[in-house]
Student: 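Sharing a structure below in structure tokens format, with a few things to ask.
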Amino acid sequence: MKDSYIMHCDYDDHFNLLTDEELGRLIRDVNNYVKNGVLPHYTKEDRVLNMAFSFMKTNIDIETQKYIKKCEKNKRFTKERYKLLQFSA
């Protein structure tokens with residue numbers, strides 16, 4: 001998948017509701033999702049982590065799609081510009 005993602009500062013309010021152990025697990029799960037596309041498996045007792053992961057995943061997925069569209073657009077523009085440069089030379 002990707003090698004980076006945006007960590008939003010407004011997550012802080014949600015993070016403050018988690019224990020340090022839960023937050024550490026959440027961050028590791030998010031990193032694993034971004035890097036490898038692996039979804040975490042939470043138990044019923046992990047409802048809070050499941051909810052926190054779900055809103056972060058939604059943002060990551062939206063930002064990933066925006067990035068892919070931007071790359072495709074830039075690729076298309078680059079090809080068009082290259083064709084123009086070839087014909088004008």
Side-chain angles (χ1 to χ4, degrees):
M1 290 204 46
K2 295 173 32 175
D3 61 358
S4 64
Y5 62 96
I6 298 171
M7 179 71 69
H8 295 272
C9 290
D10 61 353
Y11 291 163
D12 194 49
D13 292 335
H14 305 286
F15 290 166
N16 287 331
L17 301 173
L18 302 173
T19 65
D20 288 346
E21 182 181 338
E22 290 170 329
L23 181 56
R25 184 172 170 203
L26 176 64
I27 297 303
R28 282 191 304 275
D29 290 342
V30 167
N31 282 337
N32 195 29
Y33 174 68
V34 171
K35 187 174 179 180
N36 303 308
V38 176
L39 291 170
H41 298 284
Y42 295 117
T43 65
K44 288 183 181 181
E45 291 78 29
D46 296 325
R47 289 187 337 261
V48 173
L49 284 177
N50 193 15
M51 184 176 66
F53 180 83
S54 70
F55 72 74
M56 292 180 74
K57 178 187 178 300
T58 298
N59 284 342
I60 290 166
D61 291 346
I62 289 169
E63 290 161 0
T64 299
Q65 287 305 310
K66 285 181 185 177
Y67 178 75
I68 289 169
K69 286 181 182 178
K70 184 176 181 178
C71 288
E72 289 170 352
K73 182 179 176 183
N74 287 343
K75 184 178 178 179
R76 196 172 58 250
F77 286 156
T78 301
K79 284 182 179 182
E80 289 173 9
R81 183 177 171 99
Y82 182 73
K83 284 179 185 178
L84 288 175
L85 289 174
Q86 280 184 325
F87 289 121
S88 66

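In this text the structure is predicted, and so the values were computed from the model without any measurement.
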Student: Say whether Met51 and Met7 are linked into one hydrophobic cluster, either directly or through other cluster members, by side-chain heavy-atom distances under 4.5 angstrom.
Tutor: no
Student: Would you say the ring centroid of Tyr33 lies under 6.0 angstrom from that of Tyr5?
Tutor: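 No, the ring centres sit 6.0 Å or more apart.
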Student: Find the distance between CG (Asp12) and CG (Asn16) and round it off to the nearest 0.5 Å.
Tutor: 4.5 Å
Student: To the nearest 0.5 Å, how far apart are CZ in Arg28 and CG in Asn32?
Tutor: 10.5 Å
Student: Say whether Leu39 and Leu26 are linked into one hydrophobic cluster, either directly or through other cluster members, by side-chain heavy-atom distances under 4.5 angstrom.
Tutor: yes
Student: Can you classify the ring geometry of His14 versus Phe55 as parallel (below 30°), tilted (30 to 60°) or perpendicular (above 60°)?
Tutor: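 Tilted.
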Student: Which residue, Glu80, Arg81, Lys79, forms the side chain to side chain contact (heavy atoms under 4.5 Å, CB included) with Phe77?
Tutor: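 Among the candidates, only Glu80 passes.
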Student: With sequence neighbours excluded, tell me which residues meet side chain to side chain contact (heavy atoms under 4.5 Å, CB included) with His8.
Tutor: Ile6, Asp10, Tyr11, Asn59, Glu63
Student: Kindly give the heavy-atom pair with the smallest separation between Leu49 and Glu22, and that separation in Å.
Tutor: CD2-O, 3.3 Å
Student: Suppose we screen for side chain to side chain donor-acceptor pair (under 3.5 Å). Which residues come up paired with Thr78, at least two apart in sequence or across chains?
Tutor: none
Student: I'd like to check the side chain to side chain donor-acceptor pair (under 3.5 Å) partners of Asp46; sequence neighbours left out, ordered by chain and number.
Tutor: Arg25, Thr43
Student: Between Ile68 and Val34, is there a shared hydrophobic cluster once you connect ILVMFWY residues whose side-chain heavy atoms come closer than 4.5 Å?
Tutor: no
Student: Hey, what do you get for CD1 (Ile62) to NZ (Lys57), rounding to the nearest 0.5 Å?
Tutor: 10.0 Å
